Amino acid sequence: MSQDVLLKVDDLKMHYPIRGGVLFRQIANNYAVDGVSFEINRGETLGIVGESGCGKSTVAKAILRLYEPTAGAIEFDGKDIINMSKPDLREIRQDMQIIFQDPMESLNSRHTVGTILEEPFVIHGKGTRAERRKWVTDLLDKVGLQSDSVNRFPHEFSGGQRQRIGIARAIALKPKLLICDEPVSALDVSIQSQILNLLLDLQREMDLTLLFIAHDLAVVKHVSDRIAVMYLGKIVEMNDAESLYKNPVHPYTRALLSSIPVPDPERKKVHDVLTGEVPSPINPPDGCHFHARCPYAEQICTKQRPELTTTNSNPNWLVSCHLKENFIN
Ligand code: SF4
């Protein structure tokens with residue numbers, strides 16, 4: 001693992017057995033995540049984008065070992081996360097934090113904001129009571145909330161303010177990696193940009209590395225250095241954000257981009273329209289998983305699964321499509 005790589009995920013799989021019948025035997029598998037690999041350098045933001053159910057949030061939870069992966073390797077800051085003991089995992093989670101779409105789900109509604117923000121320090125045995133109170137006030141200031149918020153409860157805040165509380169708690173222990181799992185999807189558009197700008201400011205200030213997950217490519221592009229597009233448990237395209245946005249190659253990426261407005265006259269508008277539903281990750285289709293929705297599908301696409309490989313022109317541009325070279329401008 002190179003010095004600059006903070007997180008390396010290699011061939012990660014999360015398969016859930018489906019049981020049924022009188023004997024409740026395993027009758028199928030849910031291939032929620034099926035062979036995902038990527039690296040994130042220190043200080044970088046990798047965006048993961050895809051429709052609901054593509055496995056992007058499962059990847060996030062598997063990295064933190066909130067889910068136990070079926071197979072694969074995860075290396076964080078040079079340490080093997082998959083085979084780590086529970087006490088070591090508890091320690092290393094100080095350096096890997098997550099913020100969720102709905103902070104209400106992760107904020108204890110019976111506790112004041114002061115208690116919620118003090119909790120990470122208490123759990124990890126940090127500071128005296130007076131020091132912890134000072135740190136909580138500093139955290140509130142960092143995320144743009146008044147210091148008197150300590151005595152209020154989560155339900156007394158707006159959605160955007162609650163997300164600020166969730167961010168404050170996530171950065172309390174000065175993590176190296178912040179996983180943002182749809183952090184603005186539930187917020188009004190005007191509030192979304194405030195939260196995104198807060199995250200970018202904190203990233204600069206604290207030298208954070210971000211894994212940013214969302215279903216909206218416009219949001220992901222705003223914050224990401226590189227973007228991975230996921231479809232049915234697999235990455236289908238990965239490139240730097242600017243190039244992916246200007247020259248999408250995989251028909252699924254092209255269709256996702258077609259659905260967002262084009263304020264940039266230099267970006268070529270593509271007109272692939274996404275039709276139909278995402279197939280079930282239980283017994284996914286043979287060949288390319290996207291073939292039933294792909295306007296360019298050929299016979300090979302229904303039989304042979306395309307590998308995620310580099311394009312002829314760029315070793316950092318990965319695409320999983322038999323016809324990818326035909327789509328490169
Ligand atoms: Fe479409 Fe075939 Fe490429 Fe799959 S491999 S995205 S079906 S052209």
Side-chain angles (χ1 to χ4, degrees), residues 9 11-15 28-38 46-59 72 213-218 220-221 224 226-260 262 267-329:
V9 174
D11 205 16
L12 181 70
K13 293 181 180 162
M14 276 295 314
H15 298 170
N29 257 321
N30 178 338
Y31 298 92
V33 175
D34 197 23
V36 163
S37 303
F38 59 82
L46 176 71
I48 300 187
V49 71
E51 288 165 288
S52 168
C54 70
K56 54 194 189 302
S57 293
T58 308
V59 170
I213 293 166
H215 62 273
D216 182 341
L217 198 46
V220 172
K221 194 236 169 194
S224 304
R226 285 184 302 131
I227 296 176
V229 180
M230 274 190 77
Y231 186 77
L232 215 61
K234 291 176 176 295
I235 292 176
V236 295
E237 182 162 4
M238 183 152 55
N239 201 355
D240 71 85
E242 205 59 44
S243 306
L244 186 125
Y245 194 72
K246 283 204 167 129
N247 189 11
V249 164
H250 194 284
Y252 179 61
T253 314
R254 294 157 66 94
L256 280 183
L257 274 167
S258 285
S259 62
I260 60 176
V262 188
R267 201 194 105 203
K268 293 180 192 75
K269 176 79 177 167
V270 285
H271 294 283
D272 294 352
V273 178
L274 203 51
T275 55
E277 297 292 317
V278 184
S280 167
I282 303 167
N283 299 325
D286 289 338
C288 172
H289 286 352
F290 190 59
H291 78 251
R293 303 172 82 190
C294 180
Y296 309 99
E298 296 187 354
Q299 207 180 11
I300 186 178
C301 307
T302 61
K303 296 197 167 79
Q304 195 176 314
R305 192 160 296 169
E307 296 296 324
L308 184 68
T309 50
T310 59
T311 60
N312 291 340
S313 58
N314 183 344
N316 298 317
W317 189 357
L318 296 165
V319 186
S320 156
C321 172
H322 293 303
L323 311 180
K324 62 186 171 200
E325 298 299 334
N326 297 355
F327 300 131
I328 294 174
N329 294 314

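All ligand and atom numbering here is 1-based and tracks the order in the structure. In what follows, residues are counted from 1 in the order of the sequence shown. Small disclaimer: the values here were computed from a predicted structure and weren't measured.
To the nearest 0.5 Å, atoms NZ (Lys13) and CG (Asp34) are separated by 6.0 Å.
Residue Lys324 does not touch ligand 1, judged by heavy-atom distances below 4.0 Å.
Interface of His250 with ligand 1, defined as ligand atoms under 4.0 Å from a residue heavy atom, comprises 6 (S).
No side-chain N or O of Asn314 forms a donor-acceptor pair with one of Thr311 less than 3.5 Å apart.
Applying the salt bridge (charged side-chain N to carboxylate O under 4.0 Å, His left out) test to residues at least two apart or on different chains, the pairs with a partner in residues 283-296 are Glu51-Arg293.
In this structure, the side chain to side chain donor-acceptor pair (under 3.5 Å) partners of Lys324, at least two apart in sequence or on a different chain, are Thr309. Residues satisfying the ring-ring contact (aromatic ring centres under 6.0 Å, His included) criterion with His15, sequence neighbours excluded, are Tyr31.
For a distance threshold of 2.8 Å, the protein N, O or S atoms nearer than that to atom 2 (Fe) of ligand 1, listed by chain and number, are Cys301 SG.
When each of Cys301, Cys294, Cys288 is checked for a side-chain contact (heavy atoms from CB on, under 4.5 Å) with Pro251, only Cys294 meets the rule.
Here Tyr231 and His250 keep their ring centres 6.0 angstrom or further from each other.
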